[in-house]
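Below is one structure; the comments refer to it alone.
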Amino acid sequence: MKPPSRLIIAALVVATSLLAPSLLRSSLLVPSLLRSPLPLLPCLPAVTAPSGTGYQPSGLAALADAAVYYATTPTVPQQTHDEISLALAVLRRRAPVRLLVFGLGHDSPLWHALNPGGVTVFLEEDPEWHRAVCSASPFLRSHLVSYHTRLDQADLLFDTYRRLPSCVPGDGADDEPAVRGNAACPLALHDLPPEVYEHEWDVLMLDAPKGYFAAAPGRMAAIWTAAAMARARRGEGDTDVFLHDVDRKVEKMYAEEFLCNRFRVGGAGRLWHFSIPPVSRRDNRTAAGGGERPFC
């Protein structure tokens, strides 16, 4: 029978060849390339130290480990070859980056490995799945988090968020809706681990939380939060946001409202890619509650 993970192995081989030159130029990574594969590190439910503290960056060893993993397991990543390639093109161009991934899964070792020299952090809401993935891949940096929404609230939240000043942009570049501590906005993920707020994220991958049954959290808050973080960015460059499962009503509706079609730069399969500039570098902005789509 044809191995189900052959495409993923091919992607890793290509990634290795493309990323190797930049790795060899990095003085921080040279020592790790000369040692044995990365040690297994604890998968903690909360990490309050600055991002990267106490963790070795992924490098060629992690790519090799990921290739072996996918070559010897019957499971495959949740995304297709074309979808993974879309994100890989951005990581090739921007790595090393700060990569925030919503959701743990069979593809988590892959995203860890494809960000050599960077910091990759995962957010997962299911305790049992969190334990299972961390047990299989204890080197991943992961947080167990909670969501406060339900999928069956998606329409109500969508129809009412403009009435809440805490959920919409203000008039100036310094008057953006907060994420951290913003419990007044039901779409803000206001109580995530501290390191999520203490650092700006170059790339966000939204492939969680669950969004396929009424009591599931849905991705409404994850999408709003990604948009708010991207708008408030102060560092160089734009924020690349990838959203999976855009064939579903809620993902598509919230993506168009908060991530904005004008910033959509690509897509493959059920994955959309947005490159979102911060408000400080936009030519035009809308006032709080104004316009058809205040975030766009």
Nearest non-hydrogen partners of [X] and [Y], listed with the distance:
| X | Y | result |
| --- | --- | --- |
| Gly218 | Leu151 | CA-CD1, 4.1 Å |
| Glu251 | Val246 | CB-CA, 4.1 Å |
| Arg93 | Asp240 | NH2-OD2, 4.0 Å |
| Ser108 | Phe122 | O-CZ, 3.4 Å |
| Met253 | Asp155 | CE-OD1, 3.7 Å |
| Met229 | Leu204 | SD-CD2, 4.2 Å |

Does the side chain of [X] reach to within under 4.5 Å of the side chain of [Y], using non-hydrogen atoms?
| X | Y | result |
| --- | --- | --- |
| Glu257 | Tyr161 | yes |
| Asp207 | Arg219 | yes |
| Asp191 | His148 | yes |
| Cys260 | Phe274 | no |
| Glu125 | Phe102 | no |
| Pro127 | Leu144 | yes |
| Phe242 | Val203 | yes |
| Phe139 | Pro109 | yes |

[Y] backbone acceptor or donor facing [X] side chain under 3.5 Å:
| X | Y | value |
| --- | --- | --- |
| Arg281 | Glu236 | no |
| Trp201 | Val196 | yes |
| Tyr147 | Ala216 | no |
| Trp224 | Cys167 | yes |
| Tyr197 | Leu192 | yes |
| Ser85 | His81 | yes |
| Asn115 | Leu91 | no |
| Arg231 | Pro278 | no |
| Arg262 | Cys296 | yes |
| Glu176 | Ala232 | no |

Distance, nearest 0.5 Å, that separates [atom1] of [X] from [atom2] of [Y]:
| X | Y | atom1 | atom2 | value |
| --- | --- | --- | --- | --- |
| Leu206 | Leu259 | CG | CG | 7.0 Å |
| Arg131 | Leu104 | CZ | CG | 12.5 Å |
| Thr239 | Leu100 | OG1 | CG | 11.0 Å |
| Ser142 | His130 | OG | NE2 | 3.0 Å |

Mind checking whether Leu164 and Met220 sit in one hydrophobic cluster, side chains of I, L, V, M, F, W, Y counted as touching below 4.5 Å? no

Verify whether one side chain among His244 and Gln79 offers a donor that lies under 3.5 Å from an acceptor in the other. no

Do Asp107 and Trp111 have side-chain N/O donor and acceptor atoms under 3.5 Å apart? yes

Are any of the side-chain nitrogens in [X] or [Y] under 4.0 Å away from the carboxylate oxygens of its partner?
| X | Y | answer |
| --- | --- | --- |
| Arg94 | Asp238 | no |
| Arg234 | Glu200 | no |
| Asp202 | Arg98 | no |

Apply side chain to side chain contact (heavy atoms under 4.5 Å, CB included) to residues Lys210 and Asp126 and explain how you reach the verdict. CA-CA 9 Å; Lys210 298 182 182 72; Asp126 186 319; 3.0 Å; yes

Only one of Leu243, Asp245, Thr80 passes side chain to side chain contact (heavy atoms under 4.5 Å, CB included) with Arg270, and that residue is Asp245

With under 30° as parallel and over 60° as perpendicular, where do the rings of Tyr254 and Phe258 fit, or are they tilted in between? tilted

